[in-house]
Amino acid sequence: VASDRANDTLAIYAIDPDILKLKDVTSVKMPDSIFGVDDGEATAYGLDAFTAADGTPYVFVTQAGGDKIAQLKLVEAGGKVSAELVQTLTLPNPEGLDPEELQSEGIVIDDTTGFGYVSVESGGIWRFSTDPASAPDFVEFVASDADFLTPDLEGLSIRYADDGSRQLFVSSQGDSTFSVLDLDSGAFLGRFAVADGASIDGVEESDGLDIFSGPLGSAFPNGLLVVHDGSSEPQNVFPDPD
């Protein structure tokens, strides 16, 4: 599932298991617009797909340059896939900021609890309920002035450990680091940067990341973390405060 930012809609692909390539299965019935515009501004941005406990497949989409999150339900349509808008949520704004200052790209839904987590690029992470039958009940999970995160805040992903614990990984684009939080308590567990190696480039200005928590063969027996590299220019991560 991908966000089509220019057209403010979704693009849906199926993986062909034989050739491991993508096939476009987006229905012609897919809504023309999620947020009501199609000029690339205030349109579909970050997203996460999630299957609820009752088996309903949802997609949550953030709004570029705005303060909205759309919840859509994926539906079958003539052998392809469409979506229906379930509800539109508005991010909390306790400081009375302009809506564009609440732009959010990183969003992830916890498969275990059904809670959603969304990072405001200018700072802070909110937790919310994804049950459309109840209020979203936004709760501040990480304060906007948390000193271990450096805006812009970008991608979010969850690691599901074998012992049942869950960790939230957060991309800090401002200092090219990734912070790790305990998903139950919100406690900060540490942070890391991806440096140049023998066969890889370092990672700077990352927009996002994704984690697969299961084994992926002998090379990745404990899972896999994939990060976006936004620049090939080296950065001074963990800068000296002096």
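Basis for what follows: all heavy atoms, side chains included, without hydrogens, waters or symmetry-related copies.
Smallest separation of non-hydrogen atoms from Ala44 and Ile34: CB-CD1, 4.2 Å. Of all heavy-atom pairs spanning Gln71 and Pro132, the tightest one is NE2-CD, 3.9 Å. When all heavy atoms of Gly230 and His228 are compared, the closest pair comes out as CA-CE1, 3.4 Å. Here the closest non-hydrogen pair linking Pro31 and Ser82 is CD-OG, 4.0 Å. Residues Ala2 and Leu47 come closest through the heavy atom pair C-CD2, 3.6 Å. Among all heavy-atom pairs drawn from Arg159 and Ala161, the shortest one is NH1-CB, 3.5 Å.
If you check the side chains of Asp210 and Ser157, you find a donor sitting under 3.5 Å from an acceptor. Asn7 and Thr9 are not linked by any side-chain donor-acceptor pair at a separation below 3.5 angstrom, with hydrogens and angles left out of the test. Asp131 and Ser129 are not linked by any side-chain donor-acceptor pair at a separation below 3.5 angstrom, with hydrogens and angles left out of the test. Remark: the Asp8 side chain and the Thr43 side chain contain no N/O donor-acceptor pair separated by less than 3.5 Å.
Side-chain heavy atoms closer than 4.5 Å link hydrophobic residues (I, L, V, M, F, W, Y) into clusters, and following such links, even through other members, never connects Leu168 to Val118. By the rule that hydrophobic residues join a cluster once side-chain heavy atoms approach within less than 4.5 Å of another member, Ile125 and Leu91 end up as members of separate clusters. Under the 4.5 Å side-chain heavy-atom criterion for Ile, Leu, Val, Met, Phe, Trp and Tyr, Ile107 and Leu225 are members of distinct hydrophobic clusters. Under a hydrophobic clustering in which Ile, Leu, Val, Met, Phe, Trp and Tyr are joined whenever their side-chain heavy atoms come within less than 4.5 Å, directly or via other members, Phe35 and Leu85 fall into the same cluster. Hydrophobic clustering, with ILVMFWY side chains joined whenever heavy atoms are under 4.5 angstrom apart, keeps Phe169 apart from Leu149.
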Report the C-alpha distance between Arg191 and Asp175 in whole Å, list the side-chain angles of each, state the deciding distance to 0.1 Å, and finish with yes or no for side-chain contact (heavy atoms from CB on, under 4.5 Å). CA-CA 11 Å; Arg191 62 178 176 161; Asp175 65 358; 3.0 Å; yes

Apply side-chain contact (heavy atoms from CB on, under 4.5 Å) to residues Leu102 and Leu97 and explain how you reach the verdict. CA-CA 7 Å; Leu102 295 178; Leu97 303 174; 4.0 Å; yes

Going through the checks in order, is the side-chain contact (heavy atoms from CB on, under 4.5 Å) test met by Gln167 and Ile211? CA-CA 10 Å; Gln167 295 83 41; Ile211 296 172; over 6 Å; no

Passes side-chain contact (heavy atoms from CB on, under 4.5 Å), Val81 versus Val75? Steps please. CA-CA 6 Å; Val81 182; Val75 294; over 6 Å; no

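Within a 6.0 Å radius of CD1 in Ile19, other residues, nucleotides and ligands contribute more than 12 heavy atoms. Heavy-atom contacts from other residues, nucleotides or ligands closer than 6.0 Å to CG of Asp162 number 12 or fewer. Atom CG of Asp32 is surrounded by 12 or fewer heavy atoms from other residues, nucleotides or ligands within 6.0 Å. Heavy-atom contacts from other residues, nucleotides or ligands closer than 6.0 Å to CD of Glu95 number 12 or fewer.
Each of Phe60, Tyr117, Phe141 was scored for a side chain to side chain contact (heavy atoms under 4.5 Å, CB included) with Phe128, with one residue passing: Phe60. When each of Leu209, Thr177, Val203 is paired with Val194, the side chain to side chain contact (heavy atoms under 4.5 Å, CB included) condition holds for Val203 and for no other. Each of Ile109, Thr51, Val86, Thr130 was checked for a side chain to side chain contact (heavy atoms under 4.5 Å, CB included) with Tyr58, and the lone residue meeting it is Val86.
With Phe115 as the aromatic partner, Arg127 meets the cation-pi criteria of under 6.0 angstrom to the ring centre and within 45 degrees of the ring axis.
Applying the ring-ring contact (aromatic ring centres under 6.0 Å, His included) rule to Phe50 yields no partners; only residues at least two apart in sequence or on another chain are considered. Tyr45 is linked by a ring-ring contact (aromatic ring centres under 6.0 Å, His included) to nothing, counting only residues two or more places apart in sequence or in another chain.
Aromatic ring pairs are classed by plane angle as parallel below 30°, tilted from 30° to 60° and perpendicular above 60°; the pair Phe148 and Phe188 is parallel.
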